[in-house]
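Report on one structure; see the data block that follows.
Order of listing sets the numbers, starting from 1, for every ligand and every atom in it.
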Amino acid sequence: MERLERREEVAAIRAAVAASRRVLDVGGGTGELTRAVAAQVGHCTTVEPHERRVAALRADDGQEQAARIEVRSGRAEALPFPDGSFDAVIACWVLPYVDDLERAVREMARVCDAGTPGARVVLIGGTPDNELVGMLNEACVPLAGEAHDHQGYLLGTAARVLAGLGFTDLALHRTEAAVHFPETDPEDRVDAAAAVMADFWYEGHPRVQDMRLALRPVLRRHFARRPHAVGDQGVVLVASVPGER
Ligand SMILES: C[S@@+](CC[C@H](N)C(=O)[O-])C[C@H]1O[C@@H](n2cnc3c(N)ncnc32)[C@H](O)[C@@H]1O
């Protein structure tokens, strides 16, 4: 996470929720975006299924009176909130992990107050040319025996479900983000990147060492073109209820 630079994404999320009062961050993870939202609107609720992350997020909760975060344990597919509890729901880099995409998106729409003009669901996923996802698909996915990650499909499906539920004002824009590898020695850099990518995305997988090896030639090819960074290009989808707020 320390190598990831995603200022554009953080700015896009802050702008998207700037006029909101009650914001839910689904799958808060390390809480970087939860804290950015809280700093913007004064408060942010997050729901996260991983107990270790819930505990880490709770350790932050309440430390800063001006920007409080409230942490709940739970999953996108069954959000633990009554209908219409929020006027903005965000879920960034979460859709690839949910078990039931349409159900998760319907839940986000349910807890978002569709009676409020401008109420919105804000999603971030990868672009079709996302460099990280492309390399993981090439090197790791065959070893994991999984289907290729295709993030365009996830946001397309989410947009269709949300439009059918009244969130018909759709806006899309691209954000540039990157994971940086400043190591000067080329092979040290390849090793560092292979470790970061395999261990972050496939933590605990029995073939994680094979994945590191498989990533090396892919990374050498990539660094010949872009020497110190791997792009994590994103698409921000803002799906709003029509009207001003
Ligand atoms: C790649 S991280 C993104 C974290 C954060 N949104 C961000 O952008 O920094 C994905 C997060 O989704 C969470 N997650 C996985 N499955 C989920 C589900 N079914 N419902 C909600 N969150 C989920 C993971 O625990 C993890 O924290």
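Side chain of Arg53 to main chain of Gly27: no donor-acceptor pair is present (N/O by atom type, distance under 3.5 Å, no hydrogens or angles). Distance alone, capped at 3.5 Å, is enough to place a donor-acceptor pair between the Arg110 side chain and the Phe81 backbone. Judged by distance alone, the side chain of Arg22 and the main-chain N or O of Ser85 form a donor-acceptor pair under 3.5 Å. Between the Glu5 side chain and the Arg7 main chain, a donor and an acceptor come within less than 3.5 Å of each other. Side-chain atoms of Arg3 do not come within 3.5 Å of backbone N or O of Met1 as any donor-acceptor pair.
Among the atoms of Arg6, some N or O lies under 3.5 angstrom from an N or O of ligand 1. For Asp99, no nitrogen or oxygen atom sits less than 3.5 Å from a nitrogen or oxygen atom of ligand 1, counting backbone and side chain alike. Not a single N or O atom of Thr30, backbone or side chain, sits closer than 3.5 Å to an N or O atom of ligand 1. For a threshold of 3.5 Å applied to N or O pairs, the pair formed by Ala76 and ligand 1 contains at least one separation below that value. The N/O atoms of Gly27, backbone and side chain alike, include one that comes under 3.5 Å of an N/O atom in ligand 1. The shortest N/O to N/O separation between Asp25 and ligand 1 does not fall below 3.5 Å. For ligand 1, the polar-atom distance check finds no N/O of Leu33 at less than 3.5 Å from any of the ligand's N/O atoms.
The protein heavy-atom contact nearest to atom 12 (O) of ligand 1 is Val94 CG2, 3.7 Å. Regarding atom 3 (C) of ligand 1, its nearest protein heavy-atom neighbour is Cys92 O, 3.5 Å. Ranking protein heavy atoms by distance to atom 22 (N) of ligand 1, first place goes to Pro49 CD, 3.3 Å. The protein heavy atom nearest to atom 15 (C) of ligand 1 is Tyr97 CB, 3.5 Å. Protein heavy atom in closest approach to atom 1 (C) of ligand 1: Trp93 O, 3.5 Å.
No salt bridge links Arg103 with Asp100; every basic N to acidic carboxylate O contact stays at or beyond 4.0 Å. By the 4.0 Å N-to-carboxylate-O rule, Glu138 lies close enough to Arg221 to be salt-bridged with it.
Note: Asn130 CG to Arg174 CZ = 9.0 Å, rounded to the nearest 0.5 Å.
Taking every heavy atom of His50 and a limit of under 4.0 angstrom, the matching atoms of ligand 1 come to 25 (O).
At a cut-off of 3.5 Å, with distance as the only test, no side-chain donor of Gln233 or Thr175 sits close to an acceptor on the other residue.
Of the candidates Arg75, Met1, Arg53, Glu77, the one placing a heavy atom closest to atom 24 (C) of ligand 1 is Arg53.
Using a 4.0 Å heavy-atom cutoff, Glu48 is listed among the residues neighbouring ligand 1.
A cation-pi arrangement is present between Arg189 and Phe223 under the rule of less than 6.0 angstrom and at most 45 degrees off the ring axis.
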